[in-house]
Enquirer: 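The structure's right below; bear with me while I get my questions together.
This one's a predicted model, so the numbers in the text were calculated from it and none came from an experiment. Count residues from 1 along the sequence. Counting convention: from 1, in listed order, for ligands and their atoms alike.
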Amino acid sequence: MEPGGLKNVDTVEIPAVPVFSWSVGNFMEKFFDGLKDGKLMGIKCPKCGRVYLPPRMICERCFTENEEWVELPLEGTVESFTIAHVKVGDDGELEDLETPETIGMVKHKGADTCIVARIEGLDPADAGVGMRVTVVIDKSAENILDVLSHYVPC
Ligand SMILES: [Zn+2]
């Protein structure tokens, strides 16, 4: 014990419970705000006219900053899909799914890119390229990334 009741220490254990939160940023916030209003918003390159869904800040073709928000139809077309039989669990390990899930790349009329999401309400064996689907929006989702919940066949 040092004078004054103090002692030298090498290590101090401090219990810590980190709480993380992150922002999607001002740019993506417009996309998610649109979803909460029931709108699917893409963004258009002012130079080459390419429309991005999901939105991207910079055009991948001409490196121009995208700035013109455009409302796109809620219905889209399956351009490609896969059937998932496993998922990544909370511990990072692969877990078998009880029922396989259909994951599709969906292109909306007026967009030049596809958005990737689950397609529900169908037997995965019935999934196909060219299938028409509509987006399902969950305005009450706790996680903002889940507001665009999934797609269902039209
Ligand atoms: Zn461009």
Side-chain angles (χ1 to χ4, degrees), residues 14 16-154:
I14 301 172
V17 180
V19 176
F20 298 97
S21 66
W22 59 276
S23 168
V24 293
N26 291 336
F27 183 76
M28 286 302 287
E29 199 170 297
K30 289 185 181 182
F31 172 70
F32 290 110
D33 284 349
L35 283 174
K36 288 183 174 177
D37 289 338
K39 297 177 181 174
L40 193 59
M41 302 301 291
I43 197 161
K44 186 176 184 179
C45 172
K47 186 174 180 185
C48 72
R50 190 169 171 81
V51 174
Y52 291 89
L53 180 72
R56 293 184 189 154
M57 191 176 287
I58 304 294
C59 178
E60 67 184 18
R61 291 281 166 89
C62 67
F63 307 110
T64 300
E65 188 171 341
N66 295 325
E67 55 192 29
E68 182 186 343
W69 290 90
V70 291
E71 185 175 350
L72 298 168
L74 297 178
E75 292 183 10
T77 303
V78 175
E79 297 286 316
S80 180
F81 69 95
T82 190
I83 310 298
H85 295 269
V86 294
K87 70 173 185 175
V88 179
D90 293 336
D91 60 359
E93 298 294 320
L94 292 180
E95 298 174 2
D96 289 331
L97 289 169
E98 285 184 30
T99 56
E101 292 183 353
T102 305
I103 311 293
M105 292 184 68
V106 178
K107 192 170 187 178
H108 292 255
K109 187 175 183 182
D112 293 296
T113 57
C114 292
I115 195 161
V116 177
R118 279 179 296 116
I119 304 171
E120 296 184 358
L122 79 166
D123 185 321
D126 295 333
V129 171
M131 169 182 272
R132 297 287 295 158
V133 291
T134 190
V135 68
V136 175
I137 297 170
D138 179 4
K139 295 178 184 177
S140 65
E142 274 187 40
N143 186 332
I144 195 167
L145 299 178
D146 295 329
V147 174
L148 193 160
S149 177
H150 59 278
Y151 284 85
V152 292
C154 293

Enquirer: Can you confirm whether more than 12 heavy atoms, excluding those of Lys30, are under 6.0 Å from its NZ atom?
Expert: no
Enquirer: Where the side chain of Thr113 meets the backbone of Leu53, is there a donor-acceptor pair that is under 3.5 Å apart?
Expert: yes
Enquirer: Counting neighbours of CG on Asp90 that are heavy atoms of other residues, nucleotides or ligands and sit closer than 6.0 Å, is the number greater than 12?
Expert: no
Enquirer: Anything protein N/O/S under 2.8 Å from the Zn ion (ligand 1)? Just list residue and atom, please.
Expert: Cys45 SG, Cys48 SG, Cys59 SG, Cys62 SG
Enquirer: Applying ring pair (Phe, Tyr, Trp, His ring centres under 6.0 Å), which residue pairs with at least one partner in residues 78-104 are found, sequence neighbours left out?
Expert: none
Enquirer: With a cut-off of 6.0 Å (strictly less than), are more than 12 heavy atoms of other residues, nucleotides or ligands near CD of Glu95?
Expert: yes
Enquirer: How close do Leu74 and Tyr151 get, heavy atom to heavy atom, and via which atoms?
Expert: O-CE2, 4.5 Å
